[in-house]
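Atoms within a ligand are numbered from 1 in the order they appear, just like the ligands themselves.
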Amino acid sequence: MVVSLAPLLREWLPRQRWFAGKGRPITGFALVSATELLPRTRGGTAPGLLHLLVRARQPAAPGQGRGTEDCYQLLLGVQDVLPPQLAPALIGRPADGPLHGCTLYEGLADPRLAALLLERLRMPGRLGPLRFSREADADIPSGLTPRLLGAEQSNSSAVYGETYILKLFRRVGPGTNPDLELPRALANTGCSRVPAPVAWFEAEPPGRSGAEPMTLGVLQPYLPGSADGWQLALGALAVRADFTASARALGHATAEVHLALAEALPTVVLRRPQLERLASAMTRRLDAAADAVPALRPYRNALRAAYEELAALGRAGRTWHAQRIHGDLHLGQALRTAADGRWSLIDFEGEPARPLAERRRPQPVARDVAGMLRSFDYAAAVGHATGTDWAQRARDAFCEGYAAVHHDPREDPRLLRAHETDKAVYEVLYEARHRPDWLSVPMSAIHRLAGAPSGRRAPGPNPV
Ligand SMILES: Nc1ncnc2c1ncn2[C@@H]1O[C@H](COP(=O)(O)OP(=O)(O)O)[C@@H](O)[C@H]1O
Ligand SMILES: O=P(O)(O)O[C@H]1O[C@H](CO)[C@@H](O[C@H]2O[C@H](CO)[C@@H](O)[C@H](O)[C@H]2O)[C@H](O)[C@H]1O
């Protein structure tokens, strides 16, 4: 089947925001599984729903060793003729094969098909390789009206009756996704800062391969009337309102989540060998990013020094605790509800580009703190507040709020600096790939963190 779909997918996949292999051609596809969630009735107007797991083969990125074979989850609506309101969801019409003559489209965009997915999640059980599960005490009502979230994200999400949100992972691999694992573990500790999953579905690996199931989707309570920290910060900046109280409360919430994660899941102590490995991993990421983004190259040596300091502290006997963390914490991952002004954290998947095994490893909490500190810088740049003390005041307030519950992250300046540098390097690569117009935002941080090499001017204008 995948052979007949290949020409359509080769054209459609790279246009999706969640497609991870942008900028490299797709040289082939392999079908992992095809499951009919709803058979199509020929000649009628009722759609069918086909669940596909498909591997896309791509050559290596310049300077990187091997090609990739990422596995993507697709939900294909199948119909004879597409109703006009679904035209933007069109994928195409296969020229041959078993779906010849049908119109294929993004299934989640069709409320009839999104509703069907919720029905499946309400009833635990199996369908081919797919396994649907839910918490024993979950009482998910039927008939909730779905709507697909429009925001361009790393995954796809549908909201049901403003009550639940289903996140459908797009690039999937063996192993429990931390966005299911961590919120469930947090719920077990009684931590109420993270919406607790009520149902999820997975794909069983074929045969007796010994591989772990792949998490495909998670259903969680929807926080109605919430706004994310990014919108709130930009809103505050637009009217020059104070954001320090919000930043302090966010630091507080983050520390609570960290404490709960340390209680729920194993922690480790990072000693010399682990700190040397951490510094080497950061250096490797820097080198890979500098190979891909020439603007980073002049800063490479100065940035490496921050990582070397970490390794040197390890050699001098310094240790740190590591634990499971959020992994990609930024203002967009924090939601504040209008009713009670309380912050919740979402999206525990970690940095989407990193291998799952790496994302599931215990890390210093400084990594999350650094992520949020970088986000205040981003907000100041996008909200035209560079050159003011807005970002610094928000950063300090966040650390104060964190310190009220945990410890003051500023007491470990070298650990924080190394992580902030690593995050800014990740952002340079992220922006170069996804939003080149924003590259100057992390590049300004790189300039600052590198100690601004003499004779070098800070990078270009802010994004508009
Ligand atoms: N529990 C929730 N309540 C309300 N909105 C949510 C919830 N979870 C996610 N969202 C909204 O959905 C968007 C995408 O969710 P997220 O988990 O960040 O997905 P992605 O990995 O695709 O970025 C968020 O930016 C937020 O606006
Ligand atoms: O939310 P995602 O898991 O998709 O995270 C990715 O996209 C983020 C952008 O949407 C990106 O965050 C960067 O930009 C934010 C502003 O848009 C800023 O607040 C963050 O600090 C900055 O890192 C994130 O890095 C990426 O993984």
Side-chain angles (χ1 to χ4, degrees), residues 16-20 73 108 147-172 177-180 182-183 192-198 215 217-234 237 250 326-338 342-354 359 367-383 391 394-395 398 419-420 422-435 437-439 441-442 444-445 462-463:
Q16 307 312 303
R17 158 70 172 76
W18 41 261
F19 180 67
Q73 174 176 208
L108 266 195
R147 71 179 163 92
L148 183 60
L149 275 193
E152 286 275 290
Q153 302 284 347
S154 307
N155 298 289
S156 301
S157 299
V159 175
Y160 292 90
E162 310 302 303
T163 308
Y164 292 108
I165 179 164
L166 171 65
K167 177 165 169 178
L168 198 88
F169 299 106
R170 289 304 196 158
R171 189 161 66 111
V172 294
N177 192 301
D179 207 12
L180 172 62
L182 299 190
S192 60
R193 291 287 188 180
V194 175
V198 291
T215 312
V218 180
L219 187 74
Q220 293 178 342
Y222 183 70
L223 303 172
S226 59
D228 72 47
W230 178 251
Q231 299 164 329
L232 291 167
L234 289 189
L237 276 159
L250 186 52
H326 180 284
D328 188 18
L329 196 61
H330 57 80
L331 281 163
Q333 316 282 36
L335 301 181
R336 200 174 71 192
T337 32
R342 203 176 139 77
W343 286 108
S344 298
L345 301 187
I346 56 163
D347 195 2
F348 282 72
E349 210 185 345
E351 285 167 3
R354 287 211 201 192
R359 290 189 264 140
R367 180 164 193 85
D368 279 351
V369 172
M372 196 55 92
L373 299 186
R374 290 284 318 113
S375 218
F376 293 123
D377 252 21
Y378 257 77
V382 176
R395 289 161 64 101
F398 179 84
H419 279 98
E420 214 185 318
D422 191 40
K423 188 73 194 181
V425 167
Y426 164 84
E427 288 167 345
V428 166
L429 200 55
Y430 178 87
E431 300 302 355
R433 280 189 186 147
H434 297 282
R435 302 183 293 200
D437 291 353
W438 287 39
L439 188 54
V441 180
S444 300
N462 294 336

Below the 3.5 angstrom mark, is there an N/O of [X], backbone or side chain, next to an N/O of ligand 2?
{"X": "H330", "value": "yes"}
{"X": "Y430", "value": "yes"}
{"X": "D347", "value": "yes"}
{"X": "R374", "value": "no"}
{"X": "W438", "value": "no"}

Ligand 1 atoms in contact with [X] (distance to a heavy atom under 4.0 Å):
{"X": "K167", "answer": "16 (P), 17 (O), 19 (O), 20 (P), 21 (O)"}
{"X": "E349", "answer": "21 (O)"}
{"X": "Q333", "answer": "18 (O)"}
{"X": "P195", "answer": "1 (N)"}

Decide whether an N or O pair under 3.5 Å exists between [X] and ligand 1.
{"X": "Y222", "value": "no"}
{"X": "P221", "value": "yes"}
{"X": "D228", "value": "no"}
{"X": "S226", "value": "no"}
{"X": "S154", "value": "yes"}
{"X": "L335", "value": "no"}

Could you give the distance from [atom1] ([X]) to [atom2] ([Y]), rounded to the nearest 0.5 Å?
{"X": "D228", "Y": "S344", "atom1": "CG", "atom2": "OG", "value": "12.0 Å"}
{"X": "W438", "Y": "Y430", "atom1": "CH2", "atom2": "OH", "value": "9.0 Å"}
{"X": "R367", "Y": "K423", "atom1": "CZ", "atom2": "NZ", "value": "6.0 Å"}

Ligand 2 atoms in contact with [X] (distance to a heavy atom under 4.0 Å):
{"X": "S375", "result": "18 (C), 19 (O), 20 (C), 21 (O)"}
{"X": "E427", "result": "21 (O), 22 (C), 23 (O)"}
{"X": "Y426", "result": "25 (O), 26 (C), 27 (O)"}

Does ligand 2 have any atom that is closer than 4.0 Å to a heavy atom of [X]?
{"X": "R17", "result": "yes"}
{"X": "E351", "result": "no"}
{"X": "H434", "result": "no"}
{"X": "Q333", "result": "yes"}

* Is R354 paired with D328 through a side-chain N to carboxylate O contact shorter than 4.0 Å? ->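 Looking at R354 together with D328, the answer is no, because their closest N to O distance does not fall below 4.0 Å.
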* **SB check R435 E427 (cutoff 4.0 Å)** =>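 E427 and R435: not salt-bridged.
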* With heavy atoms under 4.0 Å as the rule, classify the contact between R354 and ligand 2 as side chain, backbone, both or neither. =>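 For R354, no heavy atom sits under 4.0 Å from ligand 2.
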* Asked: If you measure from each non-hydrogen atom of V159 to ligand 1, which part falls under 4.0 Å: side chain, backbone, both or neither?
  ->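 Within the 4.0 Å criterion, V159 makes no contact with ligand 1.
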* To do: Under 4.0 Å, heavy atoms only, figure out whether ligand 1 is touched by the backbone of L223, its side chain, both or neither.
  =>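 Both backbone and side chain.
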* **S156 and R170: side chain donor to acceptor below 3.5 Å** =>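 Judged by distance alone, the side chains do pair up.
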Which atom names give the shortest non-hydrogen contact between [X] and [Y], and what distance separates them?
{"X": "D377", "Y": "A445", "value": "OD2-CB, 4.2 Å"}
{"X": "A379", "Y": "L237", "value": "O-CD1, 3.1 Å"}
{"X": "R342", "Y": "S192", "value": "NH2-OG, 2.6 Å"}
{"X": "L234", "Y": "G383", "value": "CD2-N, 4.0 Å"}
{"X": "G332", "Y": "I346", "value": "O-CD1, 4.3 Å"}
{"X": "P178", "Y": "F348", "value": "CB-O, 3.1 Å"}

* To do: Indicate yes or no: at least one non-hydrogen side-chain atom of R395 is less than 4.5 angstrom from one of L373.
  =>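 The answer is yes; the side chains approach within 4.5 Å.
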* So do the side chains of D347 and D179 get within less than 4.5 Å of each other, counting heavy atoms only? ->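 They are in side-chain contact.
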* **Closest to atom 26 (C) of ligand 1 (judged by heavy-atom distance), picking from T337, I346, L166** =>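 Nearest heavy atom to atom 26 (C) of ligand 1 lies in I346.
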* Please check if the side chain of R171 supplies one atom and the backbone of P352 the other of a donor-acceptor pair under 3.5 Å. =>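 Pair found, side chain donor or acceptor close to backbone of P352.
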